[in-house]
Structure formats: structure tokens, C-alpha cells
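Encoded as C-alpha cells, the structure appears first; notes follow it.
If you read the sequence from its start, that first residue is 1, and numbering goes on from there.
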Amino acid sequence: MKPLSHFSTLLFTLVLSACSPSSAIDTVESLAANPERLKALRLQCKLERAKLGDELCNRVAEATNRRFLGDRKTTDTPPKDPAKF
């Protein structure tokens, strides 16, 4: 390949990576696993939600709920054979 071709490919890759929003990295699962990042984003959403956007702030809220409430995979049904006292 020509050096110009390598350069143009590299330049194209850099431009695409610069255009992608950083919030795409922040999934609900990754935020729930990283309490420091979650705390910082919660504060930012509280102060400047319009700047960050509803999508990211909604993910932050969902991650906060998951950390507080757990994974919600527990069942509330009683066992078939109740314990005898």
C-alpha cells in the first residue's frame, strides 16, 4: 500500500473516533460497576442535564437504581412447604 493510503486510513479512523460521543461507552452495566464515574455523572446530570442529554442521564439513573436495588432477580413467592415452628 502507498504511504498516502495509510495516512488517509489513519486520518479517517481518527475523525470517526473523535465524532463518536463519549457517552456511548457508558452503558448502564459499566456505570453500575464504576461507582466513582456514576457519582460524577449524577452530579453533572443534576447541574447540567440539558448539556449532557436525557439519554445519558437516564442511563445514570438506571445504573443508580441497579446499584441501590440490586439486580431484582429475587422472587417474592413463598416456598411450597412453609417452615414449621
Main chain of Ser30, side chain of Asn34: is a donor-acceptor contact present, judged purely on distance under 3.5 Å? no

Tracing side-chain links under 4.5 Å among I, L, V, M, F, W and Y, which residues wind up in one group with Phe85? none

Closest approach of Val60 to Leu38 (non-hydrogen atoms, all atoms of both residues): O-CD1, 3.6 Å

Spacing of SG belonging to Cys57 relative to NZ belonging to Lys51, to within rounding of 0.5 Å: 12.0 Å

Glu29 atom CD, over 12 foreign heavy atoms within 6.0 Å: yes

Using a strict 4.0 Å threshold on nitrogen-to-oxygen distance, state whether Arg37 and Asp26 make a salt bridge. yes

I'd like to know if the side chain of Arg67 reaches the main chain of Ala32, judged simply by a donor and an acceptor atom lying under 3.5 Å from each other, with no hydrogens or angles considered. yes

Could you check whether any side-chain heavy atom of Arg49 comes within less than 4.5 Å of a side-chain heavy atom of Asp54, counting everything from C-beta outward? yes

What's the verdict on side chain to side chain contact (heavy atoms under 4.5 Å, CB included) for Glu62 and Arg66, showing C-alpha distance, side-chain angles and the deciding distance? CA-CA 6 Å; Glu62 179 62 28; Arg66 285 192 189 178; 3.4 Å; yes

For the CG atom of Leu56 and the CG atom of Leu31, what is their distance to the nearest 0.5 Å? 7.0 Å

Please tell me if the side chains of Glu55 and Arg59 come closer than 4.5 Å, counting only heavy atoms from C-beta onward. yes

